[in-house]
Structures are given as structure tokens and as C-alpha cells.
Amino acid sequence: ERIVWKQDDVTHPRFYWLAVDEPVGRRHMVVERDGQTIRIIEDGGAESIRIRLDDLMLDLDQDVIVEHGGRELFRGHVPRTLSTLRTTLAERGDPRGIFPAEVVVTIPQESD
């Protein structure tokens with residue numbers, strides 16, 4: 001329900017149900033899940049975050065909300081897709097680490 005992701009010198013694009021397109025060393029992210037709401041507590045300076053979801057985490061038939069700094073970044077239905085299943089399986093090759101749905105949120109910069 002809560003991920004604390006600290007990148008080291010060797011970076012990774014994925015950690016549990018979070019992913020980034022461009023991993024950066026020493027980045028520190030904290031993200032919480034509470035019911036249908038995902039809260040980005042610390043973004044570590046990331047421009048965007050991929051949030052992978054499955055039906056064990058929340059109800060994918062209902063709207064999902066993503067918040068950052070008290071601001072709503074996303075609210076809506078996150079569809080299950082074969083593409084997301086394929087992508088997440090290819091990343092690890094582990095059927096226990098696949099996700100059928102993904103939402104990508106852009107993190108607002110300080111001046112936004």
C-alpha cells in the first residue's frame with residue numbers, strides 16, 4: 001500500500017507497481033495507495049510516473065484517482081489492455097509481476 005523507492009547508483013525503471021521512463025540515480029519517491037486513490041507523496045523530481053494497477057490492488061471497474069501535493073492529476077477509468085500485460089511481463093518475465101492496467105501521470109513542476 002506504500003512504496004518507498006530510492007534509486008541507487010545502479011538504476012531501475014520499475015519498482016513493484018511503479019515505473020519511470022528515465023530512472024535517475026539517488027531519486028527518492030514515496031507513493032501510497034488508499035482504496036481507489038493513489039497519492040504521490042514524494043516524486044523525486046520525476047517528470048512523469050507510470051502507475052501499474054491490477055484487480056487485487058483496487059477495483060478497475062471504478063474510477064481511479066491520482067493525487068500529488070493535494071492536486072488531482074488524474075480521475076477516471078483505467079482500462080485493462082493486452083499491451084500493458086505484454087509490456088509488464090516482458091520487463092521481468094515473471095507472471096507474478098504483470099499488470100493489466102497502467103496510468104501515466106505528468107508531475108507538475110514548481111512553476112505550474
Side-chain angles (χ1 to χ4, degrees):
E1 293 181 10
R2 179 180 176 107
I3 291 181
V4 177
W5 183 9
K6 181 163 187 314
Q7 294 276 10
D8 202 350
D9 294 335
V10 177
T11 60
H12 301 280
R14 173 181 167 167
F15 190 63
Y16 294 104
W17 42 270
L18 297 178
V20 293
D21 292 334
E22 297 183 29
V24 174
R26 307 290 182 212
R27 177 176 282 159
H28 183 263
M29 299 171 73
V30 179
V31 180
E32 294 180 337
R33 186 168 44 89
D34 181 18
Q36 294 295 109
T37 302
I38 309 288
R39 286 186 191 86
I40 301 167
I41 309 300
E42 294 180 43
D43 61 49
E47 292 181 15
S48 66
I49 299 174
R50 295 179 176 277
I51 302 168
R52 272 78 184 268
L53 305 168
D54 68 23
D55 292 283
L56 295 175
M57 296 169 65
L58 43 73
D59 185 350
L60 288 175
D61 294 324
Q62 301 297 317
D63 282 354
V64 173
I65 301 162
V66 179
E67 297 175 346
H68 176 272
R71 202 167 152 187
E72 192 173 283
L73 301 182
F74 176 86
R75 178 185 291 261
H77 177 255
V78 182
R80 300 167 189 89
T81 68
L82 285 174
S83 174
T84 303
L85 281 169
R86 268 193 303 272
T87 297
T88 57
L89 178 60
E91 287 173 350
R92 299 286 164 116
D94 182 356
R96 294 172 297 180
I98 64 173
F99 295 90
E102 174 182 78
V103 60
V104 180
V105 292
T106 301
I107 305 300
Q109 300 306 307
E110 297 284 329
S111 61
D112 288 354

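Position 1 is the first residue of the sequence; numbering continues from there. What you see is a predicted model; the values in this text were computed from it and never measured.
Taking CZ from Arg52 and CE from Met57, the interatomic distance works out to 11.0 Å, rounded to the nearest 0.5 Å. Between atom CG of residue Leu18 and atom CE of residue Met29 there is a gap of 6.0 Å, rounded to the nearest 0.5 Å. Separating the CZ atom in Phe99 from the CG atom in Leu56 is a distance of 9.5 Å, to the nearest 0.5 Å.
Under the side chain to side chain donor-acceptor pair (under 3.5 Å) criterion, Glu72 pairs with Arg75, not counting sequence neighbours. Partners of Glu42 under the side chain to side chain donor-acceptor pair (under 3.5 Å) rule, at least two apart in sequence or in another chain, are His28.
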Q: Start with the C-alpha distance between Arg80 and Asp61, add both sets of side-chain angles, then the distance that settles salt bridge (Lys or Arg N to Asp or Glu O under 4.0 Å), and finish with yes or no.
A: CA-CA 9 Å; Arg80 300 167 189 89; Asp61 294 324; 3.2 Å; yes
Q: Apply the test side chain to side chain contact (heavy atoms under 4.5 Å, CB included) to residues Thr106 and Leu73: give CA-CA distance (whole Å), side-chain angles for both, the deciding distance (0.1 Å), then the verdict.
A: CA-CA 8 Å; Thr106 301; Leu73 301 182; over 6 Å; no
**Q.** Evaluation steps, side chain to side chain contact (heavy atoms under 4.5 Å, CB included), between Val30 and Ile3
**A.** CA-CA 6 Å; Val30 179; Ile3 291 181; over 6 Å; no
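Checking side-chain atoms of Arg27 against main-chain N and O of Gln7 turns up no donor-acceptor pair under 3.5 Å.
Contact of the Val105 side chain with the Ile40 side chain is registered, since non-hydrogen atoms from C-beta on lie closer than 4.5 Å. At least one side-chain heavy atom of Arg33 sits under 4.5 Å from a side-chain heavy atom of Trp17. At least one side-chain heavy atom of Arg26 sits less than 4.5 Å from a side-chain heavy atom of Asp9. Taking the side chain as every heavy atom from C-beta outward, Leu53 and Ile38 approach each other to under 4.5 Å.
Here the closest heavy-atom approach between residue Trp5 and residue His12 is recorded as CZ2-O, 3.2 Å. Closest of all the heavy-atom pairs between Ile65 and Glu67 is CG2-CG, 3.9 Å. Closest approach of Pro100 and Asp54 over heavy atoms only: CD-CB, 3.6 Å. Of all the heavy atoms in Thr11 and Pro23, the pair that sits closest is CB-CB, 3.6 Å. Across all non-hydrogen atoms, the minimal contact from Pro79 to Ala101 is O-CB, 3.4 Å.
In this structure, Val4 is not a member of the same hydrophobic cluster as Ile107, with clusters built from ILVMFWY side-chain heavy atoms closer than 4.5 Å.
Using a 4.5 Å cut-off between side-chain heavy atoms of Ile, Leu, Val, Met, Phe, Trp and Tyr, Leu82 falls into a hydrophobic cluster with Leu85, Leu89, Ile98.
More than 12 heavy atoms of other residues, nucleotides or ligands sit less than 6.0 Å from atom CD of Gln36.
The only option from Thr88, Asp21, Thr84, Thr87 that meets the side chain to side chain donor-acceptor pair (under 3.5 Å) definition with Arg50 turns out to be Asp21.
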